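The block underneath contains the structure these notes are about, expressed in structure tokens.
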Amino acid sequence: MAKKIFSGVQPSGNLHLGNYIGAIKNFVDLQNQEGNQCIYCVVDLHAITLRQDPNILKNNIRETTAAFLASGINPKKSIIFNQSLVPAHAEGSWILGCVARMGWLNRMTQFKEKAGKDKEKASVGLYIYPILMSADILLYDATHVPVGEDQKQHLELSRDIAQKFNSDLNSPDFLKVPEPLIQRNFSRIMSLKDGTKKMSKSDPSDLSRINLTDTKDQIINKIKKAKTDTIPMPSAKEGLKKRPEVENLLGIFSSLSNQNLEKSIDEFSGKNFSDFKAILAEKVAEKISPISKEIVNLLKNKDYIDKVLMEGAEKANIQASKKVKEIKKIIGF
Ligand code: TYM
């Protein structure tokens with residue numbers, strides 16, 4: 001069945017292998033499936049929930065767009081734009097914020113993680129961020145939303161908001177209830193330094209992640225230094241118990257080879273870690289280096305990137321502003 005896809009990535013720097021495997025790689029696959037209509041958004045309004053330097057933010061918006069393009073998202077097939085160019089996102093977000101309940105937001109684990117110990121000092125934007133994310137999705141009648149595992153709770157919230165809006169305002173099926181598309185495997189890529197922590201742009205150690213802008217030498221070096229253990233490579237899935245780092249590395253290899261974990265375990269069973277790491281580093285470099293080179297190339301032509309965003313925003317604006325108009329009518333404005 002043809003799907004209407006919406007997803008977003010924050011332009012907050014350091015796009016990494018987790019973003020690629022958990023999200024962007026799937027954006028490309030979905031775009032290339034016959035009949036799908038895809039919208040991919042650089043969510044700059046989300047990025048300012050944490051303080052951003054204006055010049056760095058501007059660069060990061062272009063760099064995230066370049067990463068989309070370099071990974072294979074085609075502006076002729078998919079709509080690519082940045083959120084702040086389409087005012088309906090902020091407008092829709094206000095209205096949906098009056099539908100969402102405090103209790104729902106209080107349950108969001110990502111807010112608790114990001115706000116840290118001193119919640120009082122977090123921005124209000126960080127707290128209501130899942131409402132903006134709901135507006136992103138619901139304004140386009142998206143049927144499916146490809147994301148990594150860490151966004152699952154936010155997607156459930158957007159489903160709750162859609163259902164409550166429809167029922168409170170007696171408009172059945174008006175807001176489409178979106179389905180999350182979270183891969184069963186490899187939807188949570190972990191830090192190279194600690195297999196119990198998510199690979200993240202905010203980890204202070206650059207060695208914890210492979211950035212989409214890393215060179216081949218950097219990739220090889222980071223994988224060489226990735227944490228493992230002293231037990232031989234496993235010969236069956238049970239051999240991965242309590243070995244999150246090894247499981248993560250085998251998961252990365254499997255995802256980039258488009259094969260299941262069992263096949264990778266078979267391939268490396270009995271091999272030593274240095275041999276496995278050398279092959280893994282080649283595999284990651286083979287996928288990521290062309291993307292990183294293309295990002296550098298694209299960033300030389302800022303006008304082209306800006307044009308892609310502007311043209312995408314025009315198309316997005318037609319859909320989103322129409323939906324906001326309908327929402328306003330239903331509400332009684
Ligand atoms: P963001 O910018 O943090 O991450 C972008 C995408 O990358 C996925 N991801 C990962 N997947 C696997 N392993 C990891 N270690 C990893 N780290 C990140 C995320 O799950 C995400 O899919 N709120 C969203 C952006 C957003 C959005 C939306 C997404 C805004 N509006 C509407 C979907 C629909 C976010 O901050 O993602």
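Indexing begins at 1, ligand by ligand and atom by atom, following the structure's order. What you see below is based on every heavy atom in this structure, not just the backbone, and it leaves out hydrogens, waters and symmetry mates. Given the structure is predicted, the values throughout are model-derived calculations rather than measurements.
Put simply, the side chain of Q151 never gets that close to the backbone of P180: no donor and acceptor are under 3.5 Å apart. With hydrogens and angles disregarded, a donor-acceptor distance shorter than 3.5 Å links the side chain of T143 to the backbone of K4. With hydrogens and angles ignored, the 3.5 Å screen pairs no side-chain donor or acceptor of S269 with any backbone N or O of I265. No side-chain donor-acceptor contact under 3.5 Å links Q319 to the backbone of Y140.
Interface of S7 with ligand 1, defined as ligand atoms under 4.0 Å from a residue heavy atom, comprises 29 (C), 33 (C), 34 (C). Close approach to I189 involves these atoms of ligand 1, each under 4.0 Å from a residue heavy atom: 12 (C), 13 (N), 14 (C), 15 (N). Atom numbering of ligand 1 starts at 1 in the shown order; those under 4.0 Å from a heavy atom of G148 are 11 (N), 19 (C), 20 (O), 22 (O). With ligand atoms numbered from 1 in the order given, ligand 1 contributes 30 (C), 31 (N) to contacts under 4.0 Å with heavy atoms of H46. Of all the atoms in ligand 1, the ones that sit under 4.0 Å from a non-hydrogen atom of S187 are 11 (N), 12 (C), 13 (N). Below 4.0 Å from some heavy atom of F6 lie the following atoms of ligand 1, by number and element: 32 (C), 34 (C). Atoms of ligand 1 lying under 4.0 Å from at least one heavy atom of K198, given by number and element, are 15 (N). Ligand 1 places these atoms under 4.0 Å from at least one heavy atom of Y129: 23 (N), 24 (C), 35 (C), 36 (O).
If you check which protein heavy atom lies closest to atom 6 (C) of ligand 1, you get A23 CB, 3.6 Å. Residue, atom and distance of the protein heavy atom nearest to atom 17 (N) of ligand 1 are H16 CE1, 3.5 Å. Looking at atom 25 (C) of ligand 1, its nearest protein heavy atom turns out to be G8 O, 3.5 Å. Remark: minimum distance from atom 18 (C) of ligand 1 to any protein heavy atom is reached at N19 ND2, 3.2 Å. Closest to atom 11 (N) of ligand 1, if we only count protein heavy atoms, is G18 O, 3.2 Å. The protein heavy atom nearest to atom 28 (C) of ligand 1 is M133 CG, 3.5 Å.
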Are D136 and Q83 close enough, and set up right, to give a side-chain hydrogen bond (donor to acceptor under 3.5 Å, both in side chains), and what steps lead you there? CA-CA 8 Å; D136 298 343; Q83 200 180 23; 2.9 Å; yes
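Taking only nitrogen or oxygen atoms, main chain and side chain alike, D150 reaches within less than 3.5 Å of ligand 1. At a 3.5 angstrom cut-off on N or O pairs, V145 does not count as close to ligand 1. Looking at K114 next to ligand 1, no N or O pair under 3.5 Å apart turns up. Polar contact with ligand 1: absent for V147 (N/O pair, distance under 3.5 Å). Considering backbone and side-chain atoms together, Q110 places no N or O closer than 3.5 Å to any N or O of ligand 1. Below 3.5 Å of separation, one finds an N or O of M199 facing an N or O of ligand 1. At least one N/O-N/O distance between Q151 and ligand 1 falls below 3.5 Å.
Assignment of Q83 to the shell around ligand 1 is not supported, since no heavy atom sits closer than 4.0 Å. At least one heavy atom of D136 sits under 4.0 Å from some atom of ligand 1. Contact between M190 and ligand 1 is absent, with no heavy atom of the residue lying under 4.0 Å from the ligand.
Between R188 and K198 the shortest side-chain heavy-atom distance falls below 4.5 Å. Counting heavy atoms from C-beta on, the side chains of R243 and P234 come closer than 4.5 Å.
For N211 and Y20, the side-chain atoms include no donor-acceptor pair closer than 3.5 Å. T215 and D217 form no side-chain donor-acceptor contact under 3.5 Å, judged by distance and modelled atom types alone. In the model, S264 has a side-chain atom that pairs as donor or acceptor with a side-chain atom of Q259 under 3.5 Å. Side chains of D203 and S205: a donor-acceptor N/O pair is absent below 3.5 angstrom, by distance only.
Between F111 and H154, the gap from one ring centroid to the other reaches at least 6.0 Å.
Relative ring orientation between F81 and F6 is described as perpendicular, the plane-to-plane angle rising above 60° on a 0-90° scale split at 30° and 60°.
Ionic pairing of D194 and K227 is not present here: no N-O contact between side-chain nitrogen and carboxylate oxygen is shorter than 4.0 angstrom.
Residue contacts with ligand 1, taken as heavy atom pairs separated by less than 4.0 Å, involve Q10 via backbone and side-chain atoms alike. At a heavy-atom distance under 4.0 Å, no atom of L155 approaches ligand 1.
Among the candidates N32, I5, I79, the single residue satisfying the side chain to side chain contact (heavy atoms under 4.5 Å, CB included) test with C38 is I5.
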